[in-house]
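Report on one structure; see the data block that follows.
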Amino acid sequence: QVELVESGGGSVQTGGSLRLSCVASGNTAKNYCMGWFRQAPGKYREGIAVMYTGPGTGPYYADSVQGRFTISYDKVNNTLYLQMNSLTPEDSAMYSCAAGSPGSGRCWYSRYEYNYKGQGTQVTVSS
């Protein structure tokens with residue numbers, strides 16, 4: 001069992017940056033696929049960045065954030081980060097983190113099957 005708590009959301013102007021954090025607690029001794037997801041009103045939930053917390057391939061990014069967002073994991077503090085740069089109004093959404101164990105080679109393709117999810121943190125980008 002893993003519990004996830006996000007923080008770091010807020011309001012920024014176009015071109016600004018934010019760093020989201022997701023603290024994991026519980027059974028953090030094993031490695032997981034972990035990722036960031038977002039959902040804007042009226043839109044589907046989108047998995048935007050995932051990685052494996054152990055050695056392996058990745059990270060992986062959706063085309064919509066590639067080159068602007070960076071996912072990372074601090075094993076000492078069991079914290080997943082998402083550094084978001086060059087934000088636009090299209091990035092406004094509820095951002096949440098999730099974790100699962102589909103195997104290091106399936107972190108991206110199985111990202112919508114992660115079984116541990118956080119509550120989310122709101123990001124609003126104004127023009």
Inset, instruction - Determine whether Val123 and Arg38 make a side-chain contact, defined as any pair of heavy atoms from C-beta on separated by less than 4.5 Å. - result: no

Inset, instruction - Give the ring-plane orientation class for Tyr60 versus Trp108, where under 30° counts as parallel, over 60° as perpendicular and anything between as tilted. - result: tilted

Legend entry - Asp74 CG to Cys22 SG distance, which is reported to the nearest 0.5 Å: 12.5 Å

Inset, instruction - Applying side-chain hydrogen bond (donor to acceptor under 3.5 Å, both in side chains), name anything that partners Arg68, two or more places apart in sequence or on another chain. - result: Asp91

Legend entry - Minimum side-chain heavy-atom gap Ser17-Gln83 below 4.5 Å: yes

Legend entry - Spacing of Tyr44 atom OH and Tyr112 atom OH [to the nearest 0.5 Å]: 11.5 Å

Inset, instruction - Report the distance from atom OG of Ser96 to atom CZ of Arg45, rounding to the nearest 0.5 Å. - result: 5.0 Å

Legend entry - Pi-cation contact, Tyr81 with Arg19 (under 6.0 Å, within 45°): yes

Inset, instruction - Taking the side chain as every heavy atom from C-beta outward, state whether Tyr73 and Asn78 have any pair of such atoms under 4.5 Å apart. - result: yes

Legend entry - Closest heavy-atom pair and its distance - Ser92, Ala40: O-CB, 3.7 Å

Legend entry - Side-chain touch Met34/Ile71, heavy atoms, less than 4.5 angstrom: no

Inset, instruction - Might you point out which heavy atoms bring Ser21 and Thr79 nearest each other, and give the distance in Å? - result: CB-CG2, 4.1 Å

Inset, instruction - State, with a plain yes or no, whether a side-chain heavy atom of Tyr114 is found less than 4.5 Å away from one of Val2. - result: no

Inset, instruction - Decide whether Tyr52 and Tyr32 are clustered together by the hydrophobic rule: side chain heavy atoms of Ile, Leu, Val, Met, Phe, Trp, Tyr closer than 4.5 Å, transitively. - result: no

Legend entry - Side-chain heavy atoms of Thr14 within contact of Ser127, under 4.5 Å: yes

Inset, instruction - Tell me whether Leu18 is reachable from Met94 by hopping between hydrophobic residues (I, L, V, M, F, W, Y) whose side-chain heavy atoms are closer than 4.5 Å. - result: no

Inset, instruction - Determine whether Leu82 and Val50 fall in the same hydrophobic cluster, where Ile, Leu, Val, Met, Phe, Trp and Tyr are linked whenever their side-chain heavy atoms lie under 4.5 Å apart. - result: no

Inset, instruction - Working to the nearest 0.5 Å, report the span between OG1 of Thr70 and CH2 of Trp36. - result: 13.0 Å

Inset, instruction - Flag the pair Leu87 / Phe69 as yes when at least one side-chain heavy-atom distance between them is below 4.5 Å, and no otherwise. - result: yes

Inset, instruction - Using atom types as modelled and distance alone, determine if a side-chain donor or acceptor of Gln39 lies under 3.5 Å from a backbone N or O of Ala93. - result: no

Inset, instruction - State, to 0.1 Å, how close Glu46 and Ser64 come at their nearest heavy-atom pair, and which atoms those are. - result: OE2-OG, 2.9 Å

Inset, instruction - Measure the CG-SG distance between Leu4 and Cys97 for me, rounded to the nearest 0.5 Å. - result: 4.5 Å

Legend entry - Nearest non-hydrogen partners of Ala98 and Lys117, listed with the distance: CB-CG, 4.1 Å

Inset, instruction - Would you give the length of the straight line joining atom CD of Glu3 to atom OG1 of Thr28, rounded to the nearest 0.5 angstrom? - result: 11.5 Å

Legend entry - Contact check, side chains of Met84 and Tyr95, non-hydrogen atoms, under 4.5 Å: yes

Legend entry - Enclosure of Lys75 NZ (heavy-atom neighbours >12, cutoff 6.0 Å): yes

